[in-house]
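Report on one structure; see the data block that follows.
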Amino acid sequence: MTDTADGQIQPLGNVARFMELLSAVEDISDALPQMAAFYGPAGYGKSWAANYANLTADVCLVQCRSYWTKKKLVETIAEELGTRTKGTIPDIVGGIVERLMRAPRTLLIDEADYLVKAGMIELVRDIYEASLCPVILIGEELLPDKLKQWERVHSRMLRWEAAQPVSARDLDMLRALWCPEILVDDTLVERLAKESRGSTRRVCINFQRISAFAQLNGLSTVTEADWGDEPFYTGETPEPRENLA
């Protein structure tokens with residue numbers, strides 16, 4: 001997630017957790033498992049953390065899509081590694097393994113839930129087993145439970161790291177990022193945090209709303225009284241409207 005107000009990725013709490021997890025799988029002995037999972041609800045900044053790692057560390061980040069086939073998966077990994085993308089799946093996997101053995105890099109597989117659902121997660125394990133390069137699977141809250149049906153993957157996990165809700169420190173950083181020239185009252189920030197329900201994405205949306213509200217009303221300070229009954233984005237589906245006819 002790089003589309004912040006100034007194009008920069010901020011070192012939020014879940015970024016720090018992810019970078020510590022990355023160090024853990026890279027520093028462990030080759031005799032021990034080097035696969036891990038970073039999981040949590042949508043909006044908690046997991047992809048944000050993976051992108052930060054991709055920009056600051058020597059990793060290979062692949063974000064899976066719901067429509068991918070096995071061929072598309074290995075072609076994308078090969079492309080990210082700068083090795084051959086043509087040939088059969090075994091040919092491409094062979095090139096991936098050869099490149100990783102020659103120049104080791106940790107594989108970060110974002111949206112890994114799609115691979116589990118499509119029965120393609122064993123292909124990632126095959127690459128791991130052949131190359132012995134670390135792998136971090138990034139997915140939703142139920143990813144660890146979903147992996148139970150794939151014993152050969154599940155048994156090779158070194159750690160299960162849960163993304164956490166937005167912290168007070170994260171709120172301060174995001175307030176400075178999205179409302180840099182506006183003083184937002186602490187009481188209003190507390191209300192924003194409660195209604196955002198721990199989601200980094202919702203917090204960003206709501207601080208952006210406060211910023212737009214301040215600009216529209218010519219305010220340099222926004223208090224709870226100023227905000228009044230204005231709604232915050234909660235992610236809840238709107239109720240059906242009546243009497244539209």
Quick one: does any side-chain atom of [X] pair with a main-chain N or O of [Y] as donor and acceptor, under 3.5 Å?
{"X": "S131", "Y": "L100", "result": "no"}
{"X": "Q34", "Y": "V25", "result": "yes"}
{"X": "R156", "Y": "R152", "result": "yes"}
{"X": "N51", "Y": "S47", "result": "yes"}
{"X": "R99", "Y": "G82", "result": "yes"}
{"X": "K46", "Y": "A162", "result": "no"}
{"X": "R175", "Y": "V184", "result": "yes"}

Roughly how far apart are [X] [atom1] and [Y] [atom2], rounded to 0.5 Å?
{"X": "L171", "Y": "T200", "atom1": "CG", "atom2": "OG1", "value": "9.0 Å"}
{"X": "W178", "Y": "M173", "atom1": "CH2", "atom2": "CE", "value": "14.0 Å"}
{"X": "R191", "Y": "S196", "atom1": "CZ", "atom2": "OG", "value": "11.0 Å"}
{"X": "L142", "Y": "K148", "atom1": "CG", "atom2": "NZ", "value": "10.0 Å"}
{"X": "Y39", "Y": "D113", "atom1": "OH", "atom2": "CG", "value": "12.5 Å"}
{"X": "D30", "Y": "L132", "atom1": "CG", "atom2": "CG", "value": "6.0 Å"}

Quick one, [X] and [Y] - any side-chain contact, counting heavy atoms below 4.5 Å?
{"X": "I205", "Y": "R209", "answer": "yes"}
{"X": "T223", "Y": "T187", "answer": "no"}
{"X": "D226", "Y": "N217", "answer": "no"}
{"X": "I121", "Y": "L137", "answer": "yes"}
{"X": "V166", "Y": "R202", "answer": "no"}
{"X": "V189", "Y": "F207", "answer": "yes"}
{"X": "V93", "Y": "L123", "answer": "yes"}

**OP:** Please indicate whether E181 has more than 12 foreign heavy atoms, meaning atoms of other residues, nucleotides or ligands, lying under 6.0 Å from its CD.
**Re:** no
**OP:** Could you check I182 against S211 for side chain to side chain contact (heavy atoms under 4.5 Å, CB included), going step by step and ending with a plain yes or no?
**Re:** CA-CA 7 Å; I182 301 165; S211 178; 3.9 Å; yes
Quick one: side chains of residues 59-67, donor-acceptor pairs under 3.5 Å with protein atoms, not counting sequence neighbours, listed by atom name and distance.
| from | atom 1 | to | atom 2 | distance (Å) |
| --- | --- | --- | --- | --- |
| Q63 | OE1 | R65 | NH1 | 3.4 |
| Q63 | OE1 | R65 | NH2 | 3.3 |
| Q63 | NE2 | D110 | OD2 | 3.2 |

Subject >> Distance-only polar pair, side chains of N14 and R17, donor-acceptor under 3.5 Å >> reply: yes
Considering non-hydrogen atoms only, spot the tightest contact between [X] and [Y] and give its length.
{"X": "A57", "Y": "L22", "value": "CB-CD2, 3.9 Å"}
{"X": "F38", "Y": "A163", "value": "CZ-CB, 3.9 Å"}
{"X": "Y128", "Y": "C133", "value": "CD1-O, 3.1 Å"}

Subject >> side chain to side chain donor-acceptor pair (under 3.5 Å) contacts touching residues 68-87 (sequence neighbours left out) >> reply: none
**OP:** For W227, enumerate each residue passing the ring pair (Phe, Tyr, Trp, His ring centres under 6.0 Å) test, keeping only those at least two apart in sequence or located in another chain.
**Re:** F213, F232
